[in-house]
Amino acid sequence: MMDSMTQKAGIIAAAAFGVVLVSSAGYSPVLAQGLPEGFKKGDLAPEPSAEMIEAGKRVYFTKCVWCHGVDGAGDGPGADRLWPRPRNFNQGTFKIRHTASGELPLFDAKKPTPGQNDLFETVTHGLPGSAMPPWEGILSEEQRQQVLSFVTTQLVKDRKFTDKESESQTVLQLADLKPKPATDESKKRGGELIVEKKCVECHGMEGRGDGNAFNLKDDWGFSIQPANWHKCWNFRGSRQDPYNVSNIFRTFSTGVNGTPMPSFADNTSVDERWDIANFVNSLCERDTLGNPLPIDPLTDKPKINFVIPSDMVEGEIPADLEHEAWKKAPKRYVAMGGQITHKPRNFVNRLDDIWVRSLYNDKHIVYLIEWDDRTKSVAEGKLPWAPTQVNIDIKEQDPKTGEEGSIAAQQNNYAVYNDAIGIETAVKWKELPAPIKPRYLFGTNEQYPMDIVKWEADGSLRAFKGTGWDKDFEERDNYEEAMKLLKAEWKNGRWYVMIQRPVGNKKDQDYDEDTFFEVGQYIPTVFFAWDGHNGDAGRKMAVSAFYYTFMNPPVPQETYIYPVVIAVGVVLLEGWVLTRRSNRKKGKTL
Amino acid sequence: MKALMSLGALIGVAGLLLLGGMTFDVVPSNTVRLVEGYMPIQLLLEVACFVIGFTGLSYMASAMGMALPRFWQGIGFWIFLMVYLKYRVYPPIPFSVRAMYGTVGLVTVFMWVSANEEDWNKFKQPIMNVLDAQTGMNRLLRYVYLVLIPILVGGFSFNAMMPKSEEPIELRTVHPAPPASTKVHGKTYTLQTSQNPYRVNPEGKYDQEFSNANIVEQGMGRLMKPNANPWDEKNQGYLKYVREGGEIFFQNCHFCHGDNLNGRGLHAFAFNPIPANFTDPGTIAQLQETFIFWRVSKGGIGLPNEGFPWASVMPPWEQHLTVDEIWKVVLFEYWHTGYYPRTWD
């Protein structure tokens, strides 16, 4: 079943890719049969003035050239260590647009109006999830228009923004199309349509972008991944407004030029497109009440809470995800960045967040870690190094390789290792005067070690002691027998791993190498994640900052008694004030 | 006067509606966006708008004979202050600081309403009226308060006593004292006397004036001087090395410190402490070039304890770059931000 799905997806993707190739060669199939619903014919914008272009060159060579290169071919000094690679402007292929598939984007050097100037909005808001930052607040509106004038006239070489012979503008009238309310009915219909329109063949059954993760290529021949609908803050076209359904509607209507994502304008009605957009939007991560997550305006990612609370349960800790206790347990977003401190640095980490929940009882603490990984990776055969080995032979990406050797070209060509997750907690944390901790990367030294618990996709669950970033791990006495893997499952692009470990006591555990968990205390915790298909192993991994595991103490009895006492006190006080006032008044009138 | 005041009142109403709407999510909370780099001035302007608005509102109200009693003016102002501090100001102000502002605000309000005997009497009159309960309305209010106050106080104390988990506050020294010298790739550099070997004029002589004349211009965008393009093939000396430093920066450093050197790189969102923002006048602009050389070479792991070496992901760049490359990157960072390094004299 799964195989035939993948196969079918491959064919569809190849076909879609073909369509995009043809359309980007200047032929627009849309126009032949009249305009698709929701689109109107537009005019080409006039050429920007020579002064604008000249001024833009100055902006370009200060800010942009470092990634996009001297000729705008996307081959600047920074390019080879980036994936996705910086845009090659030469072909005039731009992804986020209001125009029909294959057409140039909207750009008017005189009109920085949202909705009518695609390139301006891209520069203003950046492309989240890629290295392109928002330039608002850095470059003035005029400077952004200037640099775009330079790029569109001098660096786009194969097409011409003002050539009426070869170019046309068919513009999505997004401002006139009112979003359909996101009712259950609309979402339900959208959910059916994404199967019918075969969206799921690339984006996956649950929309985690895992449908056809290996075979997709962009126009420039580099691997490309379907979007993960659960992380709307990483949508390139989200315009720093990730939960806005109009952005999804736009991308779905116009397609993404240069990629296998086609436009669906011709085979869906506007109404159907809103249903699909509503459904896709509803998949994006939300809090327990169903509200959008608060987004940090400084990072354009969900806001971070560094405390991971653990709730107490009576008796056994359930291994069932659907259990009431897990549903009630607060879920924390843990941001993951590439390990870029020591060699081999991981410039492109394909795992950029994990979700953590925790429960404890008198003997154990359990971490439930979920994360999206488009590929389930298990190494074939035996790995060429011991589990304790930290300094292993993995090469980091060279800074200057040219396109063929670049990190983008390496994608999906790595030797496949195990997907893995690591929980690292400070040993003897209570003896360290706050805020001192052992170093985040495998501890500081023998005196300040780290307790590392690592699960790998081959099913192993191991415990190590870390004494420094370049020191091989040390085995731990009997901790592994005391741990238990309650769950480890990969389903539709997501891992669910549940790890149970002892809270620690001096009789059964070793105080010098195991973390002892204590109720009501902040226990420094770091997470590591490895994506086997990214060639992650050893120090090539994703890391989090320091978080704190906090076992919520049961509510003490005083919490219920004292407030009542205080309230009674206030009532007495009120009586006193009233009597005093009325006595005084009587005295006065008498 | 009246026209002016009514304009003020209009601003006040619009501002209050907008703020209330954004606080309670009636209108999107980013309707009036705070833009990085302009936040302080934006907030000051907003506050100025509200001052104008309140002036206009109170003038209009009293002109129409609906003047708000002093009592409600005082309370309203204080509530506005707290709401504004909590929901509008970004990045968020911790509760302890807000409590301090709140107390100061409360004292101010009291000073204002008790400036003279007459004002004070006006202010406390509503309280006395409720206590005396001469009218039916006041009697009702008195009973409501009698019940409500104990419940509220009890509720708050219950909330305060419930065990909570908040991230412990840890204060980090951002620029710890540097050592007298640092050893990189086997060579010792004395911080007081070392110089950036690439800060040279086209003839190859150390030349601070020449390099300072060729850094980017301050002001919006921080663009390069029109005739000082580091990508010009003919460059010799300083600008040639700036370009080489930039190449190294965009192969290594931008992942955290960002394309605009503002600490907003691709991986920055995951890390704590967040990467340094070089465009902030409080970072490299305050430091000597040799200090940066020491920080770059030794990285987070080389920090003294007050700098939190355990949490910083800053690489010790001596593991990745040569001494020459480090000097060039430092050169580039000053060029791109348009700052001069501090000197010892």
Side-chain angles (χ1 to χ4, degrees), chain A residues 58-59 61-63 65-67 70 76-78 81 131 133 136-140 143 297-299 301 306-307 309 335-338 340-343 347 399-400 434-440 444 520 522 544-546 548 550 552-553 555 558-559 562-564 566-567 570-571 574 578 581 585, chain B residues 30 34-38 90-91 131-132 146 149-151 153-155 157-158 161-163 165-168 170 216 220-224 226 229 231 246-247 249-252 254-256 258-260 262 264 266-272 299-301 305 308-311 313-315 319-320:
Chain A
R58 189 175 157 209
V59 181
F61 278 92
T62 315
K63 308 283 182 190
V65 67
W66 308 101
C67 287
V70 178
R81 277 180 173 169
E136 187 177 30
I138 295 166
L139 296 173
S140 70
Q143 287 165 341
L298 300 185
T299 62
K301 308 269 186 191
F306 287 101
V307 177
M336 305 293 284
I340 40 171
T341 308
H342 298 290
K343 281 190 169 85
F347 300 106
K400 241 184 191 160
I436 295 179
K437 305 173 180 79
R439 191 158 180 260
Y440 80 95
T444 312
Y522 294 90
S544 78
F546 266 108
Y548 296 97
F550 183 85
N552 286 324
V555 181
E558 293 87 54
T559 314
Y562 285 157
V564 176
I566 291 170
V570 172
V571 170
E574 282 174 345
L578 279 177
R581 173 74 185 161
K585 273 205 85 166
Chain B
N30 55 2
L34 291 175
V35 181
E36 166 65 7
Y38 300 95
Y90 199 90
L131 277 177
D132 293 344
L146 271 181
I149 291 176
I151 290 178
V153 171
S157 47
F158 176 75
M161 288 183 70
M162 274 300 263
S165 53
E166 262 174 37
E167 181 196 346
E170 298 172 345
V216 304
M220 193 64 190
R222 301 184 202 231
L223 301 183
M224 63 190 185
N229 183 352
W231 285 83
E247 294 189 0
F249 183 91
F250 280 91
Q251 284 155 3
N252 295 280
H254 84 95
F255 293 97
C256 290
D259 297 13
N260 201 44
N262 57 357
R264 301 280 179 75
L266 198 51
H267 299 301
F269 74 100
F271 297 134
N272 180 26
I301 199 170
N305 263 359
F308 290 18
W310 53 85
V313 298
M314 172 80 169
Q319 289 180 7
H320 305 285

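Each chain gets a letter, A, B and so on, in the order the sequences are listed, and its residues count up from 1.
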B:Ala268 versus chain A, the contacting section by heavy-atom distance below 4.5 Å:
neither
Could you look at B:Val313 and say if it's the side chain, the backbone, both or neither that has a heavy atom under 4.5 Å from chain A?
both
Parallel, tilted or perpendicular: which fits the ring planes of B:His254 and B:Phe250, with parallel below 30° and perpendicular above 60°?
parallel
What residue in A:Gln143, A:Arg81, A:Glu574 has the most heavy-atom pairs under 4.5 Å with chain B?
A:Glu574
What part of A:Val564 is in contact with chain B, defined as an atom under 4.5 angstrom from a non-hydrogen atom: side chain, backbone, both or neither?
neither
Contact part of A:Phe61 toward chain B, heavy-atom cut-off under 4.5 Å: side chain, backbone, both or neither?
both
Shorter than 4.5 Å, heavy atoms on both sides: which option in A:Val555, A:Thr299, A:Ile436 has the most such pairs with chain B?
A:Ile436
I'd like to know which of B:Gly299, B:Pro168, B:Ser157 tops the heavy-atom pair count under 4.5 Å against chain A.
B:Pro168
Does a side-chain heavy-atom distance below 4.5 Å link A:Phe306 with A:Phe550?
no
Would you mind checking if B:Asp132 and A:Arg581 are paired as a salt bridge, meaning a charged N to carboxylate O distance below 4.0 Å?
yes
Relative to chain B, which of A:Val570, A:Asn552, A:Ile566, A:Val70 shows the most heavy atom pairs under 4.5 Å?
A:Val570
Interchain contact, A:Pro553 with chain B, by part (heavy-atom threshold 4.5 Å):
both
More than 12 heavy atoms of other groups within 6.0 Å of A:Tyr562 OH:
no
Say you draw a straight line from NZ of A:Lys437 to OH of A:Tyr548; how long is it, rounded to the nearest 0.5 Å?
3.0 Å
Determine the option with the most heavy-atom pairs under 4.5 angstrom with chain B, choosing from A:Gly520, A:Gly337, A:Pro435.
A:Pro435
Per-residue tally against chain A (heavy atom, under 4.5 Å) across B:Asn252, B:Ile301, B:Asn305 peaks at B:Ile301
Assert top hit (heavy-atom pairs under 4.5 Å, partner chain B, pool A:Pro309, A:Gly76, A:Pro297) equals A:Pro297
Got more than 12 heavy atoms from elsewhere within 6.0 Å of CD, B:Glu166?
no
Just by distance, do the side chain of B:Glu170 and the backbone of A:Ala434 share a donor-acceptor pair under 3.5 Å?
no
Pick one of side chain, backbone, both or neither for A:Thr444, based on which atoms fall under 4.5 Å of a heavy atom in chain B.
neither
Checking A:Thr559 side chain against B:Met162 main chain: does a donor-acceptor pair fall under 3.5 Å?
no
Sequence-distant partners of A:Lys343, salt bridge (charged side-chain N to carboxylate O under 4.0 Å, His left out), two or more places apart:
none
Using a 4.5 angstrom heavy-atom cutoff, name the option from A:His342, A:Lys400, A:Met336 with the most pairs to chain B.
A:His342
Relative to chain A, which of B:Asn229, B:Val153, B:Asn272, B:Leu223 shows the most heavy atom pairs under 4.5 Å?
B:Leu223
Under 3.5 Å, is there a donor on one side chain and an acceptor on the other for A:Tyr440 and A:Thr341?
yes
